[in-house]
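Since the model is a prediction, treat every value here as computed from it, not as a measurement. Below, read A as the first sequence line, B as the second, and so on, with proteins coming before strands; counting in each chain starts at 1.
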Amino acid sequence: MQLDNAFGIHSQALDLRARRSEVLAANLANVDTPGYKARDFDFQAVLRQEIPALRLAVTQADHLQTEQGLVPPSQMQYREPMQPSLDGNTVDPDLEYSNFAANALEYQASLRFLDGRIKSLMLAIKGQ
Amino acid sequence: MSLFQIFDTAATGMSAQSMRLNLVASNLANGDAVSSSIEQTYKSRQPVFRALLNEINPDDPAVGVRVAGVVESPTPLRREYLPNHPLADKDGYVFRPNVDMVEEMANMISASRSYQSNVEVVNSARQMLSAALRIGE
């Protein structure tokens with residue numbers, strides 16, 4: 001058994017959850033910015049993609065590796081506004097905040113799964 | 001760790017909203033500052049918000065906000081006939097600032113609500129991070 005596989009999909013899920021909370025935090029910060037379009041991504045669709053696709057290609061030695069879990073720009077989507085405002089801003093603070101809270105909870109759930117895996121591994125290592 | 005960026009993003013939101021609140025306070029404080037000419041009269045000041053793009057990576061979805069500038073409201077000043085006022089001009093008029101109290105109060109509530117939602121974001125992110133730190137304990 002490889003240690004990478006031991007954590008299953010949860011480490012990637014955790015990474016994406018963190019990324020999504022960042023996007024939603026940006027939406028909430030720009031709640032009063034004229035012309036700002038609220039953004040989000042489809043968590044399931046991005047997670048379903050191959051995980052190596054989440055990293056930028058490093059074809060030159062001096063390329064910097066980006067953080068793991070960067071959502072490809074093609075996956076970023078704009079929210080369809082329910083009540084568009086005159087200044088072109090499409091952030092609905094209630095929607096963003098409830099999404100943020102749900103995402104934070106799901107992040108904690110992913111953490112709990114990882115925690116369980118780590119604890120069972122520790123149990124196997126120590127044998128007591 | 002990308003969760004740390006949330007603190008930066010929310011902090012830009014908080015500082016922009018507090019700047020807005022500061023301008024509301026300034027407008028309300030100067031709401032009755034009359035003077036004898038258009039140039040000398042206080043004009044209502046409003047912030048202009050702009051999304052803060054990451055210049056190194058424009059596709060970075062974590063976008064903060066900044067106050068791009070402060071504009072003075074172009075609404076005409078109120079002119080009032082008060083010949084006994086010490087600041088009245090030679091025709092007996094004084095000029096009152098174009099501060100709309102109702103608008104400023106609504107602005108104040110909106111700014112403080114937005115500020116609070118950014119604070120909540122920081123709190124949630126802090127909880128998420130501290131849960132991540134306790135993993136495997």
Item to check | Greatest number of heavy atom pairs closer than 4.5 Å to chain B - which of A:Leu114, A:Asp40, A:Asp32 | outcome: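 It is A:Asp32.
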Item to check | Option in A:Leu24, A:Thr33, A:Ile118 with maximal non-hydrogen atom pairs under 4.5 Å from chain B | outcome: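 Greatest number of close heavy-atom pairs with chain B: A:Thr33.
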Straight-line distance of [X] [atom1] to [Y] [atom2], nearest 0.5 Å:
X: B:Gln127; Y: A:Leu105; atom1: CD; atom2: CG; result: 10.5 Å
X: A:Asp115; Y: B:Arg134; atom1: CG; atom2: CZ; result: 9.5 Å
X: B:Ser124; Y: A:Tyr107; atom1: OG; atom2: OH; result: 12.5 Å
X: A:Arg17; Y: B:Leu3; atom1: CZ; atom2: CG; result: 12.5 Å
X: B:Leu133; Y: A:Leu111; atom1: CG; atom2: CG; result: 9.5 Å

Ignoring hydrogens, what is the shortest heavy-atom contact between [X] and [Y]? Give both atom names and the distance.
X: A:Ala25; Y: B:Ile6; result: CB-CG2, 3.8 Å
X: A:Ala26; Y: B:Thr9; result: CA-CG2, 3.5 Å
X: A:Phe100; Y: B:Val121; result: CZ-CG1, 3.7 Å
X: A:Leu28; Y: B:Ser117; result: CD2-OG, 4.1 Å

How about [atom1] on [X], more than 12 heavy atoms from neighbouring residues, nucleotides or ligands closer than 6.0 Å, or not?
X: B:Met101; atom1: CE; value: yes
X: B:Arg50; atom1: CZ; value: no
X: B:Asp32; atom1: CG; value: no
X: B:Phe7; atom1: CZ; value: yes

Item to check | Engaged part of A:Met76 at the chain B interface, taking heavy atoms whose separation is under 4.5 Å | outcome: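 Just its side chain gets close to chain B.
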Hydrophobic clusters here meaning ILVMFWY residues chained together by side-chain heavy-atom distances under 4.5 Å, can you tell me if [X] and [Y] are in one?
X: B:Val65; Y: B:Leu53; result: no
X: B:Leu129; Y: B:Met14; result: yes
X: A:Val91; Y: A:Tyr97; result: no
X: A:Leu16; Y: A:Ile9; result: yes
X: B:Leu21; Y: B:Met105; result: yes

Next on the checklist: Set out, in order, the CA-CA distance, both residues' side-chain angles and the distance that settles side chain to side chain contact (heavy atoms under 4.5 Å, CB included) for B:Arg113 and A:Val31, then state yes or no.
Outcome noted: CA-CA 10 Å; B:Arg113 285 282 175 272; A:Val31 73; over 6 Å; no
Item to check | side chain to side chain contact (heavy atoms under 4.5 Å, CB included) partner of A:Asn30, the single match among B:Leu52, B:Val63, B:Thr12 | outcome: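 Exactly one option meets the side chain to side chain contact (heavy atoms under 4.5 Å, CB included) with A:Asn30, and it is B:Val63.
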Item to check | Residue part contacting chain A, namely of B:Arg20, when any heavy atom lies under 4.5 Å | outcome: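 The answer is the side chain of B:Arg20.
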Next on the checklist: Can you tell me which portion of B:Glu120 sits under 4.5 Å from chain A's heavy atoms? Options are side chain, backbone, both or neither.
Outcome noted: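 Backbone plus side chain of B:Glu120, per the 4.5 Å heavy-atom cut-off to chain A.
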